[in-house]
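The structure appears right after this line, and notes come after that.
Throughout, a chain's letter reflects where its sequence line sits, starting with A, and its residues are numbered from 1.
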There are 2 protein chains.
Amino acid sequence: MTCPPELDPTRLLTPRAREVLAAARVVLEREGWQTLTMRTLADELGIAAPSLYKHFASKDALRTQLIALALKEFGEAVRPVSTVATLVRHYRDVAAANPQLYRLATSGTLDREALPPGLEEWSGSPFFEATGDPHRAQALWAAVHGMVVLELDGRFPTGTAPEATWRELVAHFS
Amino acid sequence: MTCPPELDPTRLLTPRAREVLAAARVVLEREGWQTLTMRTLADELGIAAPSLYKHFASKDALRTQLIALALKEFGEAVRPVSTVATLVRHYRDVAAANPQLYRLATSGTLDREALPPGLEEWSGSPFFEATGDPHRAQALWAAVHGMVVLELDGRFPTGTAPEATWRELVAHFS
DNA sequence: GTCTATACAAAGATAGAC
DNA sequence: GTCTATCTTTGTATAGAC
């Protein structure tokens, strides 16, 4: 399920900028955002760090593009929407497959001005489609997000969240 | 409701180290962990930055102490335990009153070796007491945590989470 | 679009005197 | 317990040539 073309955040980038973005994603998943530096990113591409500024004005501009890319991909990954259980399953899986990108996109403040209008809403709407109610949708989204981040951070005693805990959560919202 | 003395993380600190810790907490809430530097902390205390190293071996050691302090205080703030609704209410309130400390204590990996043994479990046990089941407890904790962090980051469309969303969540676990 | 050279700032931490 | 002086590293970003 692809997102509408007008919401695609990469549509205004040059081909080379897209390559830089793809490399940034690789480095991000390998090292995390804090340790992704313009130098390590340049190394990944085999170029010198100052060259990156021909494609992105700053590290923060790069961050915004990565977040937008994440909203697009995560929104696509959970579609089409069927049941709550399936939605939760897909959400978990895409977060687990892209842990650093998930973190980057979902924590800290979001510069909404810099995103394609409608992308954030499109990304979250599956929760409304699955629950049929805005407040149920928000509560489910928050609950799943909480499980995901605690799991990514190894905060459950066993490391990962027990399957029984996931079942418990899904059951409450089904 | 105070925590057992053997779980109190400050019991081994010198009086002066406790003052440093208290100042660190003030600076943390004012500026966030990333922008709390040894220099800004020293300024808050009216001393020079290198002096801090007489009390804490590193910035990371200070972080560990802050986290331990948070687990103690948050655990105290939600006790005694009665209903799920009341627990959630207290949890929200203490997180909202100490947003930066809450973030610091609940995100990123946790160095369990450095905490007083049993403190983390004691901090989380109210959720078990309120639900009577370990998996329900984990699911409730994760759900509330998700709501809190999304709210702190301004991720809900309205900024804060609607009360109706909180009610929805509590209802599912009551 | 890439390079080299460099500016500029900030942060964590140590040494040694008082 | 605090100071001054300093080291070392790191990171973002700019200038200007090719």
To the nearest Å, give me how far apart [atom1] ([X]) and [atom2] ([N]) are.
X	N	atom1	atom2	value
A:Phe56	D:dT12	CZ	P	15 Å
B:Leu45	D:dC3	CG	C1'	15 Å
B:Leu41	C:dA11	CG	C1'	14 Å

Write out a two-atom table: protein N or O, nucleotide N or O from nucleotides 13-16 of chain C, distance below 3.5 Å.
residue, atom, partner, partner atom, Å
C:dA13, OP2, B:Tyr53, OH, 3.2
C:dA13, OP2, B:Lys59, N, 3.0

Contacting residues from residues 10-34 of chain A, given that a heavy atom lies under 4.0 angstrom of DNA chain C: A:Arg16

Any chance CD of A:Glu6 has more than 12 other-residue heavy atoms, nucleotides or ligands included, within less than 6.0 Å? yes

Closest to the side chain of A:Ala48, out of C:dC3, C:dG1, D:dG1, is C:dC3

Taking the basic N atoms (NZ, or NE/NH1/NH2) and the acidic carboxylate oxygens, is any pair closer than 4.0 Å for A:Arg89 and A:Asp93? yes

Would you call A:Arg16 and A:Glu19 a salt bridge, using N to O less than 4.0 angstrom? yes

Describe the nucleic acid contact of A:Thr37 in one word from base, sugar-phosphate, nothing, applying a heavy-atom distance below 4.0 Å. sugar-phosphate

Can a donor-acceptor pair be found, under 3.5 Å and without considering hydrogens, that links the side chain of B:Arg18 to the backbone of B:Thr10? yes

Indicate the atoms forming the closest heavy-atom contact of A:Arg63 with A:Ser107, along with that distance. NH2-O, 4.2 Å

On the ring face of A:Trp33, is A:Arg103 found with NZ or CZ under 6.0 Å from the centre and within 45° of the axis? no

Both conditions, 6.0 Å and 45 degrees, for the charged tip of A:Arg79 above the ring of A:Trp122: are they met here? yes

Just to verify, which of B:Tyr102, B:Phe74, B:Phe127, B:Tyr91 counts as forming a ring pair (Phe, Tyr, Trp, His ring centres under 6.0 Å) with B:His145? B:Tyr102

Using a cut-off of less than 4.0 Å, is there contact between a side-chain N or O of A:Ser51 and OP1 or OP2 of C:dC3? yes

